[in-house]
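Here is how names work: the chains are called A, B, and so on, in the same order as the sequence lines, proteins then strands, and each is numbered from 1.
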Number of protein chains: 2
Amino acid sequence: MRDDATSDLRNEVVGRVTIRDVALEAGVSVATASKALNERGRMTSETRERVRTAARLLGFRPNAMARALVHQRSFTLGLLTSDTYGRFTLPVAAGLSAAMSDRGVSVFLCAIDDDPERARLNLEAMEDKRVDGLVIAGKRIDRTLPLNLASARMPVVHVVAACPPDGVGFVPDDEGGAFLAVSHLARLGRRRIAHVTGPRSFAAVPLREAGWRRALGEAGLPPFGEALCGEWSERFGYETGQRLFGAAAERPDAVFCGNDQIARGLIDALAQSGLGVPEDVAVVGFDNWELFAQAARPPLTTVDMELKDLGREAGLTLLDMIDGKPVEPGLRRLPCRLVVRRSCGGGAP
Amino acid sequence: MRDDATSDLRNEVVGRVTIRDVALEAGVSVATASKALNERGRMTSETRERVRTAARLLGFRPNAMARALVHQRSFTLGLLTSDTYGRFTLPVAAGLSAAMSDRGVSVFLCAIDDDPERARLNLEAMEDKRVDGLVIAGKRIDRTLPLNLASARMPVVHVVAACPPDGVGFVPDDEGGAFLAVSHLARLGRRRIAHVTGPRSFAAVPLREAGWRRALGEAGLPPFGEALCGEWSERFGYETGQRLFGAAAERPDAVFCGNDQIARGLIDALAQSGLGVPEDVAVVGFDNWELFAQAARPPLTTVDMELKDLGREAGLTLLDMIDGKPVEPGLRRLPCRLVVRRSCGGGAP
DNA sequence: CTGAAAGCGCTTACAG
DNA sequence: CTGAAAGCGCTTACAG
């Protein structure tokens with residue numbers, strides 16, 4: 001029992017050191033301690049040093065909530081996301097979290113599974129916690145979350161989600177990414193470049209198609225047929241591969257796929273048809289979903305949407321808005337990056 | 001400019017309603033307003049109702065940081081995770097976040113990429129923000145994060161990560177999950193059940209192997225050779241499949257794979273060898289990583305680690321610890337669930 | 001240069 | 001039943 005009492009006491013004393021303790025230890029007032037620690041106001045460097053030493057000695061860490069109360073700024077953000085599967089959100093969240101923690105701001109994760117009730121609950125929690133701003137992250141550039149932001153009295157940015165006309169949004173440049181991929185294929189000498197992609201109901205689909213067409217146009221090549229739209233699945237890639245290369249008619253010598261799963265399925269179909277990748281057909285994907293792209297045989301050249309960058313940029317812009325800096329409303333389309341692997345030849349690693 | 005002034009003013013007035021505003025509106029003191037809103041103390045129901053009405057009218061939301069200051073409790077948790085890829089962490093985080101938000105607690109996401117410096121930074125941020133507790137989430141049950149928790153003056157739980165002997169940890173029951181899978185195969189009449197799995201350096205590997213052996217023992221079956229350890233990759237599954245079924249020697253009639261990627265590769269090898277799944281060989285995976293398991297042909301029976309449950313249970317236990325309830329130290333192995341699909345036959349969906 | 005006072009928004013004994 | 005006062009931990013004018 002003696003032990004218990006002692007450790008309780010110790011917790012009491014050393015557990016939560018306040019600025020009062022520091023002031024006491026340094027023999028100054030709380031006000032002076034505060035100023036010394038925050039490098040404001042003038043004072044003897046001797047006093048300042050004495051306070052610093054006391055703070056270090058006691059392991060003082062200022063209570064962020066108390067500061068927030070006086071500064072009317074919590075250095076805290078809310079991330080509301082509908083993507084529980086996490087394929088898109090996690091890189092966004094990681095990029096955001098890393099960039100923010102470097103600036104002393106922390107981010108609350110709110111997983112709302114497309115559930116309006118949960119969304120409302122979390123939004124209220126964020127308001128109660130007085131976050132300085134909100135980032136709304138989805139998994140499609142053309143869908144809003146089931147969230148009523150109208151009442152939100154704080155800056156908001158959208159990432160990989162639909163964004164109101166007067167809002168600030170960040171999405172990957174799908175058209176540009178597709179252009180990169182297809183230009184690369186053309187540069188490698190491919191002439192009959194097909195496009196196999198997801199459902200047209202996704203806004204990304206016509207955008208990637210447009211990039212495909214523009215790259216072909218600039219290379220002086222005709223599109224190889226129409227874009228073949230289906231599902232975002234390996235199965236659709238596989239079946240389309242069979243159709244595309246099973247027929248005796250003219251075959252593509254390259255396929256730009258709307259995502260990595262389709263590319264993966266298509267490669268499987270090519271293997272079954274005895275066609276070599278990249279010798280006979282070059283294949284490029286979209287997403288750079290590592291475990292798909294790396295596991296493909298051969299490893300897949302694909303477009304990376306740079307989701308971490310998206311998260312970071314969104315966060316930095318949100319910080320600007322919070323600081324009252326002027327920020328243009330509108331959608332930012334951030335550049336994608338082509339990751340060259342072996343599936344398109346050209347001496348790739 | 002008039003507009004600007006007006007809206008500024010409005011922001012000032014309506015933007016941040018405080019309990020003072022509510023009290024004023026209701027014609028009572030701040031203390032009474034507080035008690036009315038928190039259902040404490042006795043007072044005329046008329047007064048209470050008046051305060052409530054005022055609060056509703058003004059859209060009052062109490063400032064959680066101010067309350068935290070007086071209650072010495074922030075209703076806030078920190079989630080420190082090293083798994084930026086997110087395959088394991090995101091379900092854990094989603095389960096945690098959902099369970100916590102139902103109880104009014106919010107969770108800070110801290111992505112530390114196995115970077116000790118970033119880890120320290122985030123840990124300090126969590127201390128400064130006075131979170132009530134910490135959940136440490138990794139991607140392997142046998143690895144700690146590069147984190148010095150010794151100085152952390154708050155309750156901590158570990159999820160899918162190594163846990164100090166006196167700590168509280170949550171991991172999936174790998175042995176039990178393997179047992180489920182292999183028992184299922186045995187019940188289906190399979191007699192020669194092999195095990196192809198990842199590197200022995202992962203603690204999960206011997207555990208899953210033990211489950212395989214126990215299930216075989218209970219079914220009165222001998223193990224089919226030794227467990228074949230390699231990598232967690234499709235390629236290893238593919239190559240091992242070729243070796244296992246290429247030889248003319250006795251072949252397994254079922255394979256329990258250490259993860260879904262291995263299973264996927266193995267199924268590909270079987271297809272190439274002209275062997276049918278599940279007719280000739282039943283295959284079971286581990287992870288229930290939807291996009292691998294569903295895309296397999298046929299869809300893969302596999303073990304789900306119930307990571308969301310893990311996140312929820314860890315959070316609830318952490319809440320208990322925060323509330324000072326007695327919590328046994330030690331590792332909890334939470335049950336896995338067998339997800340039956342077509343790859344093992346037996347009339348599965 | 002240093003400190004007393006007021007205040008950020010809320011709650012909780014304690015008087016009245 | 002209701003309110004004045006003190007306090008949670010910090011900061012910021014403002015005096016001295």
* Map every base of DNA chain C to its dot-bracket character, where paired means a Watson-Crick or G-U wobble contact with both distances under 3.5 Å and | marks a partner outside the strand. => |||.||||||||.|||

* From C:dC1, D:dA5, D:dT11, nucleotide with atom closest to A:Met43 side chain -> C:dC1

* Asked: Counting N and O atoms only, with roles assigned by atom type, does the side chain of A:Lys129 sit under 3.5 Å from a partner on the main chain of B:Phe75, one being a donor and the other an acceptor?
  -> yes

* Nearest-Å distance for atom pair CZ/P, residues A:Arg20 and D:dG7 -> 9 Å

* Asked: Rounding to a whole Å, what distance do you find between A:Asp21:CG and D:dC8:C1'?
  -> 13 Å

* Asked: Expressed in angstrom and rounded to an integer, what is the separation of A:Arg50 atom CZ from C:dC1 atom C1'?
  -> 12 Å

* Interatomic distance, A:His71 NE2 vs D:dA13 P [rounded to whole Å] -> 9 Å

* To do: Taking only the side-chain nitrogens and oxygens of B:Asn63, find out if one of them lies under 4.0 Å from OP1 or OP2 of C:dC8.
  => no

* Asked: Under the 3.5 angstrom rule, does the side chain of A:Thr47 hit a backbone N or O of A:Met43 as a donor-acceptor pair?
  -> no

* Please state whether the phosphate of C:dT11, meaning OP1 or OP2, lies under 4.0 angstrom from any side-chain nitrogen or oxygen of B:Arg67. => yes

* To do: Give a yes or no answer on whether the side chain of B:Asp113 reaches the backbone of B:Asp115 with a donor-acceptor pair at less than 3.5 Å.
  => no

* Given atom CE of A:Met65 and atom P of C:dG9, what is their separation to the nearest angstrom? -> 16 Å

* Please, which pairs that meet salt bridge (charged side-chain N to carboxylate O under 4.0 Å, His left out) have at least one residue in residues 64-80 of chain B, sequence neighbours excluded? -> B:Arg73-B:Asp132, B:Arg73-B:Asp323

* Would B:Glu124 and A:Arg61 pass as an ion pair if we require N to O under 4.0 Å? -> yes

* Does any donor atom in the side chain of B:Ser106 or B:Thr76 lie under 3.5 Å from an acceptor atom in the other side chain? -> no

* Asked: Which is true for B:Thr32 with a 4.0 Å heavy-atom rule: it touches a base, it touches only sugar-phosphate, or it touches nothing?
  -> base

* Asked: If the P atom of C:dG9 is compared with that of D:dT2, how far apart are they to the nearest Å?
  -> 25 Å

* Give a yes or no on whether a salt bridge exists between B:Asp102 and A:Arg118, defined as a side-chain N under 4.0 angstrom from a carboxylate O. => yes

So which protein nitrogen or oxygen atoms get under 3.5 Å of nucleotides 14-16 of chain D's nitrogens or oxygens?
none

* Asked: Under 4.0 Å between a side-chain N/O of B:Thr47 and OP1 or OP2 of D:dT2, yes or no?
  -> yes

* Asked: Pick the nucleotide of DNA chain D nearest each of B:Thr44 and B:Arg130; which residue has the one closer to the 5' end?
  -> B:Thr44

* Asked: When rounded to the nearest 0.5 angstrom, what distance separates CD1 in A:Ile141 from CZ in A:Arg333?
  -> 6.0 Å

* Asked: Can you tell me how far C1' of C:dG3 sits from CG of A:Leu24, to the nearest Å?
  -> 14 Å

* To do: Could you tell me whether the side chain of B:Asp21 and the main chain of B:Val17 form a donor-acceptor pair under 3.5 Å?
  => no

* Assign A:Val30 to base, sugar-phosphate, or nothing according to its heavy-atom contacts below 4.0 angstrom with the strands shown. => base

* To do: Go through C:dG3, C:dC8, D:dT11 for me and flag the one nearest to the A:Gln72 side chain.
  => C:dC8

* Asked: Where the side chain of B:Ser34 is defined as all heavy atoms beyond and including C-beta, which of D:dG3, C:dT11, C:dC1 is the nearest nucleotide?
  -> C:dT11

* **Nucleotide D:dT11, atom P - distance to CG of B:Leu69 in whole Å** => 12 Å

* Asked: Do B:Phe60 and B:Ile19 touch side chain to side chain, with heavy atoms closer than 4.5 Å?
  -> yes

* Mapping B:Thr18 and A:Glu46 to their closest nucleotides on DNA chain C, which lands nearer the 5' end? -> A:Glu46

* Asked: Rounding to a whole Å, what distance do you find between A:Phe75:CZ and C:dC8:P?
  -> 19 Å

